S.K.: 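Right, I'll just put the structure down here and ask away after.
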Amino acid sequence: MSKRLVTSITLALGMWMTSQPVIAQQILLTNGVLLDPNNQSARKQHLLMDNDQIIGRFDVIPEDFSGKRVDISNKYVIPGLIDMHTHTFGNRAPNTNTENMGPSTTAQVVQHAGVTGLVDLFGNEQTLFEHRRLQQQGLIGGADIYTSLSCLTAPGGHCSQFGETRTIANEEEAAKHISELAQKQADVIKLVSTLGGRLPSLSPQLLKFSVAQAHKYRLKVIVHVHTLADVESAIAAKADAITHLPDDGVVSKSLAQRLSKHGVIVIPTLACDTDEYEFLFSDVLDSNLVKKLTAPRVIEGYRHQAAQMTSEQKHKAQQRTLKYYQSIKNLIAADVVLLTGTDAGNYGTLQGFSLHRELLKFAAAGLTPWQALASATSEPRRFLGKPPGLEVGAQSSVVILNHSPIENIINTQTIHAVLHKGKYIENKL
Ligand SMILES: [Zn+2]
């Protein structure tokens with residue numbers, strides 16, 4: 001369907017809604033500028049939401065509206081942010097113990113950073129399954145929990161060093177695990193390729209077989225990559241997305257073009273790979289949002305580490321950071337779709353906050369503010385099979401900002417309030 005057609009249907013529905021009686025308990029956000037990254041439209045309109053859904057957009061407030069009104073004059077509305085790669089056990093930091101949170105607490109914490117959806121790509125399978133069920137039953141709130149439940153890897157491969165996971169040694173095991181995960185309604189399948197690395201990897205043949213198995217159940221596949229050879233293996237296997245950037249070299253222009261041609265999406269997790277270094281030279285950790293969301297000892301752990309780093313370590317980290325930025329620039333030049341994922345739970349990340357860091361890094365590498373916003377909102381929704389933007393029928397998950405992120409993407413951090421599933425949470429920084 002063309003964007004223009006979608007827009008005209010949205011407008012038609014919006015006009016149609018004006019003639020319908022409007023029931024109480026609905027929330028009408030009035031006088032805000034609605035920024036929809038899906039069609040790059042900025043429009044001052046009133047936005048009507050009924051629990052889970054956006055049900056109207058109006059130029060004039062309906063006369064018979066008797067629900068709750070929230071005036072957001074001079075403010076900006078964007079769809080809720082989605083973290084496409086996280087681990088909800090908590091925050092890990094140098095020089096201190098892990099800040100343990102678990103899926104339901106993390107889901108509630110990140111919501112205050114404007115994150116209304118997260119994809120956990122590996123943790124304790126049973127915990128993830130149960131917390132997601134509790135949320136779907138309406139018993140716990142927070143950002144929507146999506147998850148791969150497990151991490152499918154070679155026996156002794158990456159992921160298995162962090163805890164129990166499902167391993168695949170042959171096609172029979174791949175078919176069995178993917179069928180079980182489909183039965184448990186995994187939202188995506190995560191497969192691991194680490195060719196040429198220290199740990200055993202799924203072979204290109206087994207990766208291809210596993211992707212095809214997942215596609216039989218209409219499950220999308222995200223492949224964890226570590227090397228350029230893994231990227232090739234993921235393209236050949238027809239993976240839907242890869243996550244991370246190769247560590248053994250830059251994604252060349254021609255490789256980026258092939259990813260684009262095959263429609264492979266990239267979740268680079270740039271914050272995770274570069275922030276431990278960039279925390280050193282900025283006032284990032286002084287942000288009020290960081291202080292609100294994160295245990296003080298975690299922040300101190302990073303400060304301490306920064307103070308301890310030798311010049312040799314700094315140089316190495318800087319070279320690595322430059323390499324990652326070059327890969328991202330080539331991906332952007334080839335029009336590869338990027339999605340924001342933080343890989344939070346790992347060093348260099350902070351749950352919720354790192355999503356904003358990822359946006360800044362995408363913009364620094366060349367995405368326009370509109371494109372960066374899309375990478376955190378409409379594109380992840382499209383990947384997850386949801387309506388992408390602020391149209392009628394889309395999920396009622398929005399972030400209200402004090403300043404326009406189109407003027408400067410850093411303004412995604414100026415959160416005034418978050419509205420998710422009919423709950424309006426004012427941000428008190
Ligand atoms: Zn990860």
Side-chain angles (χ1 to χ4, degrees), residues 32 35 70 72-83 86 88 90-96 98-99 101 105-118 141-143 270-272 274-307 340 342 344-364 369 372-373 376-377 397-420 423-429:
L35 301 174
V70 181
I72 53 163
S73 299
N74 305 316
K75 307 219 181 289
Y76 300 83
V77 179
I78 59 169
L81 307 169
I82 297 185
D83 189 341
T86 185
T88 53
N91 280 317
R92 197 178 280 155
N95 312 300
T96 186
T98 296
E99 181 186 8
M101 292 157 82
T105 303
T106 301
Q108 288 174 55
V109 168
V110 300
Q111 195 175 237
H112 291 270
V115 177
T116 59
L118 60 85
L270 211 50
C272 176
T274 59
D275 252 357
E276 225 177 328
Y277 169 69
E278 293 190 2
F279 281 169
L280 303 177
F281 305 105
S282 60
D283 51 7
V284 176
L285 297 174
D286 296 332
S287 143
N288 284 333
L289 196 52
V290 171
K291 287 179 190 161
K292 179 176 176 172
L293 301 172
T294 317
R297 62 185 171 80
V298 167
I299 301 171
E300 277 318 303
Y302 281 110
R303 286 196 206 284
H304 185 73
Q305 153 129 329
T340 48
T342 60
N346 281 289
Y347 289 119
T349 63
L350 301 168
Q351 298 282 354
F353 180 72
S354 289
L355 201 286
H356 299 274
R357 295 289 299 159
E358 195 74 3
L359 281 174
L360 276 179
K361 289 164 194 282
F362 282 3
L373 271 187
T377 59
S397 302
V398 301
V399 189
I400 301 163
L401 301 171
N402 288 320
H403 300 286
S404 170
I406 303 308
E407 267 164 38
N408 190 334
I409 196 69
I410 201 168
N411 289 336
T412 57
Q413 297 179 34
T414 66
I415 298 166
H416 170 72
V418 179
L419 205 155
H420 182 51
K423 261 195 191 152
Y424 183 85
I425 308 164
E426 200 139 349
N427 205 25
K428 294 186 181 72
L429 282 179

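Residue numbers start at 1 and run along the sequence shown. Predicted model only: the values in this text are computed from it and were never measured.
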S.K.: Please report the interatomic distance CD(Q111) to OG(S397), rounded to the nearest 0.5 Å.
M.R.: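 Interatomic distance, Q111 CD to S397 OG, rounded to 0.5 Å: 8.5 Å.
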S.K.: For K423, is the NZ atom crowded, meaning more than 12 foreign heavy atoms sit under 6.0 Å from it?
M.R.: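 Incorrect, the count does not exceed 12.
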S.K.: What pair of heavy atoms forms the shortest contact from H403 to T414, and how long is it?
M.R.: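 Minimum heavy-atom contact is N-OG1, 3.2 Å.
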S.K.: Looking at N95, I'd like to know if its CG atom is crowded, meaning that more than 12 non-hydrogen atoms belonging to other residues, nucleotides or ligands lie closer than 6.0 Å.
M.R.: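 Yes.
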S.K.: Indicate yes or no for a side-chain donor-acceptor contact from T349 to the backbone of N346 under 3.5 Å, with no hydrogens or angles considered.
M.R.: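 Present.
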S.K.: Just to verify, what does A271 make a side-chain contact (heavy atoms from CB on, under 4.5 Å) with, not counting sequence neighbours?
M.R.: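 side-chain contact (heavy atoms from CB on, under 4.5 Å) list for A271, sorted by chain: D275, S354, R357, E358, K361.
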S.K.: Step by step, work out the salt bridge (Lys or Arg N to Asp or Glu O under 4.0 Å) result for E300 and R297.
M.R.: CA-CA 5 Å; E300 277 318 303; R297 62 185 171 80; over 6 Å; no
S.K.: Side-chain contact test, heavy atoms from C-beta onward, threshold under 4.5 Å: evaluate it for T340 versus I82 and give yes or no.
M.R.: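 The answer is no, as the side chains (C-beta and beyond) never meet within the 4.5 Å cut-off.
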S.K.: If you measure from CG on N402 to CG on N74, what distance do you get to the nearest 0.5 Å?
M.R.: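 It comes to 10.0 Å.
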S.K.: When rounded to the nearest 0.5 angstrom, what is the spacing between CG in N427 and CD in Q413?
M.R.: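 CD of Q413 is found 11.5 Å from CG of N427.
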S.K.: Determine the sole option in T412, I410, L270 for which the side-chain contact (heavy atoms from CB on, under 4.5 Å) test with L360 is passed.
M.R.: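 So, applying the side-chain contact (heavy atoms from CB on, under 4.5 Å) to L360 and each of T412, I410, L270, only I410 qualifies.
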S.K.: Supply the atom-to-atom distance N411 CG to L359 CG, rounded to the nearest 0.5 angstrom.
M.R.: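 Rounded to the nearest 0.5 Å, the CG-CG separation comes out at 11.5 Å.
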S.K.: Does a side-chain heavy-atom distance below 4.5 Å link L81 with T377?
M.R.: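 Of all side-chain heavy-atom pairs linking T377 with L81, at least one is under 4.5 Å.
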S.K.: Hey, does L373 have a side-chain heavy atom less than 4.5 Å from the side chain of I409?
M.R.: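 Side chain of I409 against side chain of L373, heavy atoms only: contact under 4.5 Å found.
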S.K.: Walk me through it: do V418 and H112 pass the test side-chain contact (heavy atoms from CB on, under 4.5 Å)?
M.R.: CA-CA 7 Å; V418 179; H112 291 270; over 6 Å; no
S.K.: Search all heavy atoms of Y347 against all heavy atoms of P94 and return the closest pair with its distance.
M.R.: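 Minimum heavy-atom separation between Y347 and P94: CE2-N, 3.5 Å.
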S.K.: Kindly determine whether V398 and I78 satisfy side-chain contact (heavy atoms from CB on, under 4.5 Å), including the steps that lead there.
M.R.: CA-CA 6 Å; V398 301; I78 59 169; over 6 Å; no
S.K.: Counting C-beta onward and ignoring hydrogens, is there a side-chain heavy-atom pair between Y76 and I400 closer than 4.5 Å?
M.R.: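 No. Closest side-chain heavy atoms not under 4.5 Å.
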S.K.: Just by distance, do the side chain of Y302 and the backbone of G348 share a donor-acceptor pair under 3.5 Å?
M.R.: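 At least one qualifying donor-acceptor pair exists.
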S.K.: For the side chain of D83 and the backbone of L118, is there at least one donor-acceptor N/O pair under 3.5 Å apart?
M.R.: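 No.
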S.K.: Quick one: do V77 and L35 satisfy side-chain contact (heavy atoms from CB on, under 4.5 Å)? Show the steps, please.
M.R.: CA-CA 6 Å; V77 179; L35 301 174; over 6 Å; no
S.K.: What distance do I299 atom CD1 and R303 atom CZ have between them, rounded to the nearest 0.5 Å?
M.R.: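 The distance works out to 6.5 Å.
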S.K.: Under a 4.5 Å cut-off applied to non-hydrogen side-chain atoms, are T86 and T88 in contact?
M.R.: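 A side-chain contact exists here, since the closest heavy-atom pair is under 4.5 Å.
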S.K.: Provide the closest heavy-atom pair for A143 versus G117 in the form atom of the first, atom of the second, distance.
M.R.: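 Taking every non-hydrogen atom into account, CB-N, 3.7 Å.
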S.K.: Compare every heavy atom of V399 with every heavy atom of G80, then report the nearest pair and how far apart it is.
M.R.: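 That closest heavy-atom pairing would be CA-CG2, 3.8 Å.
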S.K.: Can you name the nearest heavy-atom pair linking G352 to V110, along with the distance?
M.R.: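 So the minimum-distance heavy-atom pair works out to N-CG1, 3.5 Å.
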S.K.: Any non-hydrogen side-chain atom of N91 less than 4.5 Å from a side-chain atom of M101?
M.R.: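 The answer is yes; the side chains approach within 4.5 Å.
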S.K.: Testing the 3.5 Å rule here: is there a donor-acceptor pair between the side chains of H420 and T116?
M.R.: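 No pair is found: no donor N or O on one side chain lies under 3.5 Å from an acceptor on the other.
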S.K.: I need the L293 CG to Q351 CD distance, nearest 0.5 Å.
M.R.: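 If I round to the nearest 0.5 Å, the distance is 10.0 Å.
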S.K.: Mind checking whether L401 and K75 have side chains closer than 4.5 Å, heavy atoms only?
M.R.: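 No, too far: nothing below the 4.5 Å cut-off.
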S.K.: Taking all heavy atoms of I415 and all of G114, pick out the closest pair and write down the distance.
M.R.: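 Nearest heavy atoms, I415 then G114: CD1-N, 3.8 Å.
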S.K.: So C272 and T342, do their side chains get closer than 4.5 Å, heavy atoms only?
M.R.: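 No - every pair of side-chain heavy atoms lies 4.5 Å or more apart.
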